[in-house]
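Right, one structure below, let's go through it.
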2 protein chains.
Amino acid sequence: MVLPAVPVSQSPESKFREYLATRPKSQRLTRPQRELIQFIFAQHDHFDVNQLIRDLDRADLRISRPTVYRTLAKLVDAGLLRRIEVNSRTVYEHDYGYPQHEHLVCEVCGKMIEFQSETIQNAIREVCTSHFFQQSGHTLVVRGVCQECNRARSAKRRLDMI
Amino acid sequence: MVLPAVPVSQSPESKFREYLATRPKSQRLTRPQRELIQFIFAQHDHFDVNQLIRDLDRADLRISRPTVYRTLAKLVDAGLLRRIEVNSRTVYEHDYGYPQHEHLVCEVCGKMIEFQSETIQNAIREVCTSHFFQQSGHTLVVRGVCQECNRARSAKRRLDMI
DNA sequence: ATTCTTGCAAAGCCTTTGCAACTGC
DNA sequence: GCAGTTGCAAAGGCTTTGCAAGAAT
């Protein structure tokens, strides 16, 4: 986490409970779901499904793959998680308690750097207004090479020239 | 196409030929590839692989699925096409001869509205500079509901209230 | 008690790959 | 003629689904 967290009044679990209750056909909060929420909001930042399942496994939490997928979908729908597609990889990150932000993604090491930009958010808002487009969210991914990988590359280039 | 095209000096095919020639291990321009390029740059705007193959089929161009995938990858690498991930769907659009732009994507009808924003591009450039991040490209997708679908929704809502 | 959720196995997508036949250069 | 490309079939990832057993309200 690099950005300041947004203050929230409820725990992720109770926010999720609220979401479940307000569904058209009311849904249930189960043990696997609670374990997942607790696990995700205790540790992860950006993660994909395979990482998550591996980590759950290491933590001796046996939650089946389908249940993980089904629960993640609900968490996204509930506004607890955000789902991002990055270079054909699907990653999740905290939404609840975390501010809207954009990403720089290093194509070499895969690192994701977060940043906020009022300017960009305002510009998007303006464009939506002028197109009478009702915005529900956005994703900005900037691809490139991060500082460290760039250094490494330059070094290698210098070596290659010898 | 809604944005003004960028003037280009070469045809897509010759631009691709140039790309092929400058590869480390030189590659070949084949009949299926030429047909694909001609077809894509004659008609399509945004398309996914299945649409493309269906349309090729209708045009009696039989190019195998693997070849389509392999060629699209090269076209993206050559800078002729851009590849965008939108709501778990992979779509391609012209890159060569078309300016950098962002997308509003309607979650109801799937329409993609293009727009350009100097402000956003500058803001991205600035952020990259301050993070010593060497940008190679970016994707901005704004999700929401377009004007028409919004109208339809409002109308339906009014009806529901009776 | 009822209705939703789980886990398993299996199926579904989309995409990639191994390989023999083929074709640019 | 050599090296890269094609098409086929098959395999690979990731994600979803049908269904019987189990759990939440």
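Naming convention: chains lettered A, B, ... in sequence-line order (proteins, then strands); numbering from 1 in each chain. In this text, all values refer to a predicted model and were calculated from it rather than measured experimentally.
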Tell me the interatomic distance from [X], atom [atom1], to [N], atom [atom2], rounded to whole angstroms.
X	N	atom1	atom2	value
A:L56	C:dG7	CG	P	11 Å
B:E35	D:dT5	CD	C1'	14 Å
B:Q27	D:dC2	CD	P	21 Å
A:R23	C:dC4	CZ	P	14 Å
A:L75	C:dT5	CG	C1'	14 Å
A:R83	D:dC14	CZ	P	13 Å
A:L52	D:dC14	CG	P	14 Å
A:Q51	D:dG13	CD	P	17 Å

Most 5' of B:L29 and B:N50 on DNA chain C, judged by nearest nucleotide | B:N50
Mapping B:R65 and B:P32 onto DNA chain C by nearest heavy atom, which one lands closer to the 5' end?
-> B:R65
Counting only side-chain heavy atoms from C-beta out, which of [options] sits nearest to [X]?
X	options	value
A:R31	D:dT6, D:dA24, C:dT16	D:dA24
A:Q33	D:dT6, D:dT15, C:dT5	C:dT5
B:R70	D:dG7, D:dT5, C:dG7	D:dG7
A:R28	C:dC14, D:dA24, C:dG7	D:dA24
B:T71	D:dT6, D:dT16, D:dT25	D:dT6

For [X] and [N], is the shortest distance between a side-chain N/O and OP1 or OP2 below 4.0 Å?
X	N	value
B:Y69	C:dT16	no
B:T30	D:dT6	yes
B:T90	C:dT15	yes

Has the side chain of B:R34 got a donor or acceptor that lies under 3.5 Å from a partner of the other kind on the base of C:dG24?
-> no
Below 6.0 angstrom between ring centroids: does that apply to A:F115 and A:H101?
-> no
Is there a donor in the side chain of [X] and an acceptor in the side chain of [Y], or the other way round, less than 3.5 Å apart?
X	Y	answer
A:R83	B:S88	yes
A:R82	A:T139	no
A:H46	A:E114	yes

Cationic N near anionic O, under 4.0 Å, B:E85 to B:R89 = no
Indicate, with a heavy-atom threshold strictly under 4.0 Å, whether A:S88 touches base, sugar-phosphate, or nothing.
-> nothing
